[in-house]
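Since the structure is predicted, the reported quantities are computational estimates derived from the model, not experimental observations. We're numbering straight along the sequence, starting at 1.
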Amino acid sequence: MTGAILIADGNRTRGEQIGTACAARGFVTNLVPHGAAALEAALSNVPDVVVAPTDLSLIDASKLAEILRANPRTQSTRFVFLGRPQEGAPDTGYFDEVLPASADPDDVGMRVEAILAQHARINAMERE
């Protein structure tokens, strides 16, 4: 399975570890340091999945998901967020998966893989 994964994380070490776990599963990864860079990267190269902490800097995770889901080009992008949804978040329905901030990078990679597999099955059923 192939896919483009955008990792937005100010914690470079964690982001690189998640990137390595995703790359080991055959995914192309891109690491950016904050929400504004994630928005720019997602609009120029639409990712299949965005992985980011819920407390992402500059543009928080829920706002990033809201913006990307409202855009016709990026509306099918899936989201894996690390941490707890922030108090007063407008709608946690934008989150496809929420894992603990301390989640093992391999577990994150497995969730990304599972989300993409599910998305592929749904697309196949819609084509039929």
Side-chain angles (χ1 to χ4, degrees):
M1 176 183 308
T2 60
I5 313 304
L6 175 60
I7 303 161
D9 200 338
N11 180 336
R12 187 165 182 80
T13 301
R14 177 175 58 190
E16 288 174 348
Q17 290 172 342
I18 292 169
T20 299
C22 289
R25 290 170 170 74
F27 304 128
V28 175
T29 64
N30 181 18
L31 176 62
V32 297
H34 49 72
L39 180 58
E40 183 178 330
L43 292 174
S44 67
N45 246 340
V46 179
D48 295 302
V49 177
V50 173
V51 178
T54 55
D55 61 351
L56 188 60
S57 63
L58 298 184
I59 299 175
D60 70 32
S62 60
K63 188 64 174 175
L64 177 65
E66 180 182 357
I67 293 167
L68 293 178
R69 288 270 168 92
N71 184 317
R73 285 190 60 237
T74 56
Q75 69 185 4
S76 66
T77 298
R78 299 288 157 234
F79 299 89
V80 175
F81 290 111
L82 308 173
R84 302 180 81 185
Q86 294 179 338
E87 289 292 321
D91 185 3
T92 56
Y94 290 117
F95 295 47
D96 293 299
E97 187 79 33
V98 180
L99 300 173
S102 61
D104 182 86
D106 283 328
D107 290 342
V108 176
M110 285 190 296
R111 287 308 310 147
V112 167
E113 188 172 38
I115 286 171
L116 288 177
Q118 179 185 32
H119 194 60
R121 286 191 302 272
I122 290 169
N123 286 343
M125 286 177 22
E126 287 175 350
R127 282 192 300 270
E128 290 177 9

Next on the checklist: Are L99 and I115 connected into the same hydrophobic cluster when the rule is that any two of I, L, V, M, F, W, Y join if their side-chain heavy atoms are below 4.5 Å apart?
Outcome noted: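 Same cluster.
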Checklist entry - In the single-linkage hydrophobic clustering (I, L, V, M, F, W, Y; side-chain heavy atoms under 4.5 Å), do L82 and M110 co-cluster? => result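 Different clusters.
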Would you give the length of the straight line joining atom [atom1] of [X] to atom [atom2] of [Y], rounded to the nearest 0.5 angstrom?
X: D106; Y: E113; atom1: CG; atom2: CD; value: 10.5 Å
X: F27; Y: I18; atom1: CZ; atom2: CD1; value: 13.5 Å
X: D60; Y: K63; atom1: CG; atom2: NZ; value: 8.5 Å
X: Q17; Y: N11; atom1: CD; atom2: CG; value: 8.0 Å
X: Q75; Y: N71; atom1: CD; atom2: CG; value: 8.0 Å

Next on the checklist: If you define the side chain from C-beta out and look only at heavy atoms, does anything of F79 sit under 4.5 Å from V98?
Outcome noted: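 The answer is no, as the side chains (C-beta and beyond) never meet within the 4.5 Å cut-off.
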Item to check | Close side-chain approach of I5 to V112, heavy-atom, < 4.5 Å | outcome: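 Yes, their side chains come closer than 4.5 Å.
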Checklist entry - Closest heavy-atom contact between R84 and T54? => result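 R84 and T54 have their closest heavy atoms at O-OG1, 2.9 Å.
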Next on the checklist: So which atom in A21 and which in P105 form the shortest heavy-atom distance, rounded to 0.1 Å?
Outcome noted: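 Closest approach of A21 to P105: CB-O, 3.3 Å.
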Next on the checklist: L6 and side-chain contact (heavy atoms from CB on, under 4.5 Å): which single residue from T29, N30, L31 fits?
Outcome noted: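 Of the listed residues T29, N30, L31, the side-chain contact (heavy atoms from CB on, under 4.5 Å) partner of L6 is N30.
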Apply side chain to side chain contact (heavy atoms under 4.5 Å, CB included) to [X] and list each qualifying residue two or more places apart in sequence or on a separate chain.
X: I122; answer: Q118, E126
X: P53; answer: D9, R14, D55, L56
X: S102; answer: P100

Donor-acceptor pairs under 3.5 angstrom involving side-chain atoms of residues 34-52: please list them, not counting sequence neighbours.
| from | atom 1 | to | atom 2 | distance (Å) |
| --- | --- | --- | --- | --- |
| H34 | ND1 | A36 | N | 3.4 |
| H34 | ND1 | A37 | N | 3.1 |
| S44 | OG | E40 | O | 3.3 |
| S44 | OG | A41 | O | 3.2 |
| D48 | OD2 | A4 | N | 2.7 |

Item to check | N/O donor-acceptor pair under 3.5 Å between R69 side chain and T77 backbone | outcome: yes
Item to check | Partners meeting side chain to side chain donor-acceptor pair (under 3.5 Å) with R12 (sequence neighbours left out) | outcome: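 Testing R12 for side chain to side chain donor-acceptor pair (under 3.5 Å), a comparison that skips the adjacent residues, returns E16.
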